[in-house]
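Remarks on the structure that follows.
This is a predicted model, so every value here is computed, not measured. All residue numbers refer to positions in the sequence shown, counting from 1.
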Amino acid sequence: MTRQMLRGIRVATKQELIDCIYKYFKEVNETPVVYHWKYKMEDFEPSVGAAN
């Protein structure tokens with residue numbers, strides 16, 4: 001979020017910053033990015049010492 005939204009902006013108040021952050025969330029959520037996993041759980045081998 002910092003690199004995409006907060007870089008270069010100037011705000012006068014804390015409320016203005018909060019409003020900018022919520023505006024960013026709204027814009028990002030309008031077009032969500034679907035992530036397609038490259039691996040299947042069947043191919044996954046837990047590392048040694050992993051919690052069960």
Spacing of CZ belonging to Arg7 relative to CD1 belonging to Ile9, to within rounding of 0.5 Å: 12.0 Å

Working to the nearest 0.5 Å, report the span between CD of Glu16 and CZ of Arg10. 12.0 Å

Applying side chain to side chain donor-acceptor pair (under 3.5 Å), can you list everything that pairs with Gln15, at least two apart in sequence or on another chain? Asp19

Can you tell if the side chain of Thr13 reaches within under 4.5 Å of the side chain of Leu17, non-hydrogen atoms only? no

Does a side-chain heavy-atom distance below 4.5 Å link His36 with Val34? yes

